[in-house]
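To start, the structure itself, in structure tokens.
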Protein chains: 2
Amino acid sequence: MRADARRNRERVLEAAETVFAEQGATASTEEVARRAGVGIGTVFRHFPTKEALYEAIVVRRLSRVAEQAQPLTASADPAGALRDLFARLIDEAATKKAFADTMAVVSLDVKAAAPAVGDQLRDTIATLLDAARTAGTVRADVGLAEVMVLLAGLCLAAEHTPDPTLRESALSVVFAGLTPPS
Amino acid sequence: MRADARRNRERVLEAAETVFAEQGATASTEEVARRAGVGIGTVFRHFPTKEALYEAIVVRRLSRVAEQAQPLTASADPAGALRDLFARLIDEAATKKAFADTMAVVSLDVKAAAPAVGDQLRDTIATLLDAARTAGTVRADVGLAEVMVLLAGLCLAAEHTPDPTLRESALSVVFAGLTPPS
DNA sequence: AACGATACGGACTGATCACTCCGCTTGTCA
DNA sequence: TGACAAGCGGAGTGATCAGTCCGTATCGTT
């Protein structure tokens, strides 16, 4: 692969990330090309389809998030770690358009396109949840599926909730519901 | 207004409701016209804009929902009534595409297009919430805003959650979080 | 330096869609 | 029943956008 090609590919990914974050998945490919300082042809040479480009940045974002999340599994307070992770994901969803949709797809449409990356995050959450249940800091009768639905819901709602305090409050209520009755 | 005009207007609304429920807001106006057994011109004569048509069916759905919800304010168990209402809205969101978005807009983008209709539902929820807090069946420190965020989140997540049991479980967790600690 | 392969830019194509316009039909009322 | 306004259908218009194609520029290699 030629040097300029590699450089342009990276530029396109970077531009796509910000454009999709700002305008959502409906942003035009031309806008991405413009932002990258590149012709449309170049975009399509590197990513044969708009969907492929979109998927590429989804994978990118997800693997970054999953990578940051992984160390949490070593935490002594798994429920707390889970909550921190959720807070981080919720903030990302509030800030970057279409990230909430990504989270919804990863959380809920399990057989989704890019499987491995979503699994990684899901696995981390599963580990934390198990540990928290064992520790007695999360109710034993809630499963991963429920938690994923709640996470997706919080992320999707966050997209329309500019006030961070309010997002935090909603998260608090959910975690109160996850805590075992005393 | 001529008899056939009134009849066609109703047909268009009916068709739009099912088409938007099936395909979401991106469904084409032509599809609505076809489903209504009417020319496109007719659709645009009654609703000058696709957006106007969409807004009309949003208002329609919302006022139906708000109307059904209103009697609940008389309930002796306001927390239970609130939960029933949420369950109903969540089911609707799971079944009818774009209803979840409507709920999100009504819940979160307060200054939205069709104000009065959203207010009606919001008022009912506020009344139930107040009563429940007074009765001590909902924590005193959660406000309407938080509840609306949670409702929107549950509805948005429901759109991707075909399993009704799972939706119900998620709702349970949220309501557990709303219940005062014993 | 010179040459072939690789990559680039952006005009172009075809499809889709919201919306318009006008010749024709149908309801209404005298 | 006749006449005319109100309403209808759907071909047409312009805009947008994903994706193609090819003449040109750039890179790497000998």
Side-chain angles (χ1 to χ4, degrees), chain A residues 1-61 96-98 101-102 105 112-114, chain B residues 1-61 96-98 101-102 105 112-114:
Chain A
M1 199 174 189
R2 244 166 63 175
D4 55 345
R6 206 176 8 258
R7 195 169 50 240
N8 278 331
R9 190 174 204 282
E10 196 50 38
R11 270 194 203 171
V12 168
L13 276 172
E14 216 68 46
E17 182 134 10
T18 64
V19 169
F20 286 145
E22 283 174 22
Q23 309 185 19
T26 60
S28 76
T29 313
E30 226 168 316
E31 174 69 21
V32 172
R34 203 176 310 129
R35 210 69 86 84
V38 139
I40 325 164
T42 301
V43 175
F44 279 102
R45 195 162 329 98
H46 288 291
F47 305 93
T49 274
K50 185 189 172 173
E51 207 182 315
L53 173 60
Y54 186 72
E55 196 181 303
I57 75 121
V58 164
V59 167
R60 210 172 197 238
R61 274 190 196 163
K96 303 190 172 167
K97 265 193 181 168
D101 283 327
T102 300
V105 168
Chain B
M1 197 177 191
R2 246 166 63 174
D4 55 345
R6 206 176 5 260
R7 193 168 51 242
N8 278 332
R9 190 173 202 284
E10 194 52 36
R11 270 194 204 171
V12 168
L13 275 172
E14 215 70 46
E17 182 133 11
T18 64
V19 168
F20 287 143
E22 281 173 22
Q23 310 184 17
T26 60
S28 76
T29 314
E30 224 168 316
E31 175 68 21
V32 172
R34 202 177 309 129
R35 209 71 85 82
V38 138
I40 325 164
T42 301
V43 175
F44 278 101
R45 195 162 327 98
H46 288 292
F47 305 94
T49 274
K50 185 191 173 171
E51 209 184 311
L53 173 59
Y54 185 72
E55 197 180 302
I57 77 120
V58 164
V59 168
R60 211 173 195 234
R61 275 192 195 162
K96 304 191 172 165
K97 266 193 181 166
D101 283 327
T102 300
V105 169

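Numbered from 1 within each chain, the chains take letters A, B, ... in sequence-line order.
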Problem set entry | N/O (side chain, B:His46) to phosphate O (OP1/OP2, D:dC8) under 4.0 Å | yes
Exercise. How many Å lie between CD on A:Glu30 and P on D:dT16, as a whole number?
Worked result: 11 Å
Exercise. If you check every side-chain atom of B:Thr49, which of D:dC8, C:dA11, C:dC19 has the closest atom?
Worked result: C:dC19
For this session: Compare the minimum distances between each of D:dC27, D:dG10, D:dG7 and the side chain of B:Ile40, then state the nucleotide with the smallest one.
Result: D:dG10
For this session: Report yes if some heavy atom in the side chain of A:Thr49 is under 4.5 Å from a heavy atom in the side chain of A:Tyr54; otherwise report no.
Result: no
Problem set entry | Presence of A:Thr42 side-chain N/O under 4.0 Å of C:dA7 phosphate oxygens OP1/OP2 | no
For this session: Determine: side-chain N/O of B:Asn8 to OP1/OP2 of D:dC8, distance under 4.0 Å, yes or no.
Result: yes
For this session: Identify which nucleotide among D:dC8, D:dT20, D:dA6 has an atom closest to any side-chain atom of B:Arg2, counting heavy atoms from C-beta outward.
Result: D:dA6
Problem set entry | Salt-bridge criterion met for B:Arg35 and B:Glu17 (N-O under 4.0 Å) | no
Exercise. A:Arg7 has a side chain; which of D:dC27, D:dG7, C:dG9 sits nearest to it?
Worked result: D:dC27
For this session: Using a cut-off of strictly less than 4.0 Å, decide whether A:Thr29 has a side-chain nitrogen or oxygen near OP1 or OP2 of D:dC17.
Result: no
For this session: Could you say whether A:Ser28 or A:Gly41 is positioned toward the 5' end of DNA chain D, judged by the nucleotide with the nearest heavy atom to each?
Result: A:Ser28
Problem set entry | B:Glu10/B:Arg7 ion pair, N-O < 4.0 Å | no
Seminar exercise, completed: To the nearest angstrom, the CZ-C1' distance between B:Arg34 and D:dC8 comes to 18 Å
For this session: Can you tell me the distance, in whole Å, between the OH atom of B:Tyr54 and the C1' atom of C:dA18?
Result: 17 Å
Exercise. Rounded to whole angstrom units, what separation is found between the CZ atom of B:Arg9 and the P atom of C:dG27?
Worked result: 19 Å
Exercise. Is there a donor-acceptor pair closer than 3.5 Å between any side-chain N or O of A:Lys50 and the backbone N or O of A:Ala25?
Worked result: yes
Problem set entry | B:Glu51 CD - C:dC19 C1' separation (whole Å) | 14 Å
Problem set entry | Among D:dG9, C:dT28, C:dT20, the one nearest B:Phe44 by side-chain distance | C:dT20
For this session: Identify which nucleotide among D:dG10, C:dA7, C:dT26 has an atom closest to any side-chain atom of B:Asp4, counting heavy atoms from C-beta outward.
Result: C:dT26
Problem set entry | Selected nucleotide, minimal atom distance to A:Lys50 side chain, candidates D:dG9, C:dG9, D:dG19 | D:dG19
Exercise. D:dA5 C1' sits how many Å from B:Arg45 CZ, rounded?
Worked result: 13 Å
Exercise. In whole Å, what is the span from the CZ atom of A:Phe47 to the C1' atom of D:dA18?
Worked result: 16 Å
For this session: Indicate yes or no for a side-chain donor-acceptor contact from A:Lys96 to the backbone of A:Phe20 under 3.5 Å, with no hydrogens or angles considered.
Result: no
Exercise. Using 4.0 Å as the upper bound for N to carboxylate O, is an ion pair formed by B:Arg11 and B:Glu14?
Worked result: no
For this session: Taking only the side-chain heavy atoms of B:Val38 (C-beta and beyond), determine which of C:dT28, C:dC17, D:dG9 contains the nearest atom.
Result: D:dG9
Problem set entry | Whole-Å gap separating P (D:dG7) and CZ (B:Arg11) | 16 Å
